[in-house]
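Report on the following structure.
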Amino acid sequence: MEANMSQAMADAEIARPTRPALPFTVWFQLTMLVGAYNIALRADGTVNRFFFSFGDWKTRASARPDALGVRSADVTVDKSRGLWARVFSPAADQAGSPLPVIVYTHGGGFALLSPASRPLDGMCRRFCRELGAVVVSVNYRLAPEHRCPAAYDDGVEVLRHLSATGLPEDLGVSVDLSRCFLVGDSAGGNIAHHVVQRWVSPSNSIRLAGIILLQPYFGGEERTDAELRLEGVARVVNMQRSDWSWRAFLPEGASRDHPAAHVTDENAELPEEFPPAMVVVGGFDSLQDWQRRYAGVLQRKGKSVQLLEFPEAIHAFYMFPELPDARKLVKEMKEFIQSNKSNL
């Protein structure tokens with residue numbers, strides 16, 4: 001086994017690509033983020049949240065529209081478990097017909113970040129403005145303090161809350177909560193998939209028109225070609241950090257072949273009502289092989305799926321509007337939403 005792994009690593013070394021050039025601002029932010037990750041994630045499986053808080057700059061919600069014409073408000077879902085969401089909406093004078101609703105779950109290896117984290121707050125504001133949607137960003141409970149399935153439960157609870165309570169009355173825009181889209185990036189993409197599995201049913205008043213997974217976080221015990229080839233090249237996700245995240249998130253003693261992680265083979269359970277999906281893959285993301293396998297499973301099981309590839313994209317490229325691929329992605333997302341919001 002060790003000999004096979006060594007040979008695989010040697011082969012990957014030969015094929016190891018050169019990192020794509022990045023604007024300085026993006027390079028700097030990624031360097032600071034990865035550095036904070038490396039220090040905050042302890043070897044014993046815990047998180048130094050005090051240290052990470054120095055690098056995780058927060059943005060307050062504000063009822064006053066920003067430069068994009070977007071305002072935000074924090075909504076408590078379940079105070080007992082610290083479950084809340086940040087709602088982003090366009091200014092009332094920009095509203096016309098009812099807007100689609102996006103329920104968004106963020107990445108961070110299941111263990112870090114929140115809707116108030118500056119990069120995520122900024123991204124949701126751009127989604128709100130450029131997609132013409134109300135965005136509900138979920139503050140789910142984090143690992144390792146809250147292991148799987150806590151984050152999945154929180155995602156479902158937010159949908160229940162929206163179904164029972166709706167959005168704030170002072171939102172100032174019209175929405176149709178009978179149809180909404182789930183969007184998740186990285187670990188949030190994993191969460192979004194499992195929330196869909198638990199939620200979809202004809203009896204639920206909130207109908208899911210589609211799911212958009214931005215470089216979703218799936219895995220397994222196998223080391224894929226991309227994981228080996230991009231080790232030391234991929235800027236955000238590598239095998240060490242990925243293994244740490246799975247150990248922190250999955251139930252104690254579970255392997256990476258646990259159904260929460262390994263949603264990439266024929267054993268994956270998909271409900272009849274699973275909505276149309278868009279799966280976004282980056283060529284410099286070590287998770288790309290798992291993401292393609294996931295899209296393949298959806299297709300073989302008869303689900304509508306669009307696989308969108310960005311060959312030069314790093315993991316989390318969508319967080320940086322300076323990158324051309326990030327702007328292209330928003331256009332593709334808008335087309336997906338427009339083409340699926342009337343399919344229910």
Side-chain angles (χ1 to χ4, degrees), residues 100 102-105 107 110 131 148-149 151-152 155-156 159 179-202 204 206-222 224-227 237 242 246 250 256-283 285-311 313 315 317-318 328-329 331-344:
I102 290 173
V103 178
Y104 169 76
T105 46
F110 303 103
L131 298 178
C148 171
Y152 304 160
V156 171
L159 291 178
R179 300 170 179 176
C180 73
F181 292 81
L182 261 58
V183 178
D185 80 271
S186 193
N190 176 295
I191 294 167
H193 164 82
H194 287 282
V195 170
V196 168
Q197 281 192 304
R198 291 162 173 245
W199 180 259
V200 290
S201 168
N204 287 324
I206 291 184
R207 304 291 300 279
L208 301 181
I211 177 172
I212 300 175
L213 305 185
L214 309 178
Q215 299 178 305
Y217 207 85
F218 300 121
E221 286 297 305
E222 173 194 352
T224 67
D225 173 72
E227 287 175 316
V237 178
S242 183
W246 288 125
L250 295 173
R256 296 191 300 273
D257 287 334
H258 186 278
H262 200 59
V263 194
T264 53
D265 59 24
E266 301 311 313
N267 294 325
E269 296 183 3
L270 296 173
E272 182 70 25
E273 301 87 357
F274 199 91
M278 170 187 282
V279 181
V280 177
V281 176
D285 179 10
S286 60
L287 301 174
Q288 61 187 273
D289 290 338
W290 297 113
Q291 295 156 2
R292 293 191 189 96
R293 292 182 190 182
Y294 170 77
V297 168
L298 295 185
Q299 187 175 43
R300 289 192 298 276
K301 289 182 176 286
K303 308 305 178 186
S304 173
V305 57
Q306 176 184 351
L307 181 64
L308 186 60
E309 301 248 11
F310 292 92
H315 191 80
F317 73 96
Y318 37 80
K328 292 176 185 175
L329 171 63
K331 294 180 181 177
E332 294 285 352
M333 291 174 65
K334 188 167 186 176
E335 289 181 10
F336 178 85
I337 290 171
Q338 290 295 328
S339 63
N340 286 287
K341 69 179 183 179
S342 61
N343 288 344
L344 294 175

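The first residue of the sequence shown is numbered 1, and numbering continues consecutively from there.
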Answer with yes or no after comparing the ring centroid distance for W246 and H258 against a 6.0 Å cut-off, counting only values under it.
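So the answer is no for these two rings.
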Would you say the rings of H262 and Y294 are close, in the sense that their centroids are separated by under 6.0 Å?
no
Write out all pairs satisfying salt bridge (charged side-chain N to carboxylate O under 4.0 Å, His left out) with one or both partners inside residues 182-198, taking only residues at least two apart or from two chains.
D153-R198
I need the [X] [atom1] to [Y] [atom2] distance, nearest 0.5 Å.
X    : Y    : atom1 : atom2 : answer
N340 : Q306 : CG    : CD    : 8.5 Å
W290 : N190 : CH2   : CG    : 12.5 Å
H193 : L298 : NE2   : CG    : 7.5 Å
M278 : L213 : CE    : CG    : 10.5 Å
F274 : K301 : CZ    : NZ    : 11.5 Å

Do E222 and R256 sit within salt-bridge range, that is, some charged N less than 4.0 Å from a carboxylate O?
no
How about [X] and [Y]: do any of their side-chain heavy atoms sit closer than 4.5 Å?
X    : Y    : result
V263 : V297 : no
V196 : P275 : yes
L308 : L329 : yes
L182 : I212 : no
D265 : R293 : no
R292 : V281 : yes

Would you call the rings of F310 and F317 parallel, tilted or perpendicular, where under 30° means parallel and over 60° means perpendicular?
tilted
If every non-hydrogen atom of V279 is compared with every non-hydrogen atom of Q291, which pair is closest and at what distance?
CG1-O, 4.0 Å
Indicate yes or no for a side-chain donor-acceptor contact from [X] to the backbone of [Y] under 3.5 Å, with no hydrogens or angles considered.
X    : Y    : value
Q288 : D285 : yes
D225 : D289 : no
T105 : G188 : yes
S186 : P216 : no

Exceeds 12 heavy-atom contacts within 6.0 angstrom, atom CD of E272:
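No, CD of E272 has 12 or fewer neighbouring heavy atoms, counting only those of other groups under 6.0 Å.
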With sequence neighbours left out, what residues match E221 under side chain to side chain donor-acceptor pair (under 3.5 Å)?
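For E221 there are no side chain to side chain donor-acceptor pair (under 3.5 Å) partners, ignoring immediate neighbours.
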Which residues pass the side chain to side chain contact (heavy atoms under 4.5 Å, CB included) test with K331, not counting sequence neighbours?
none
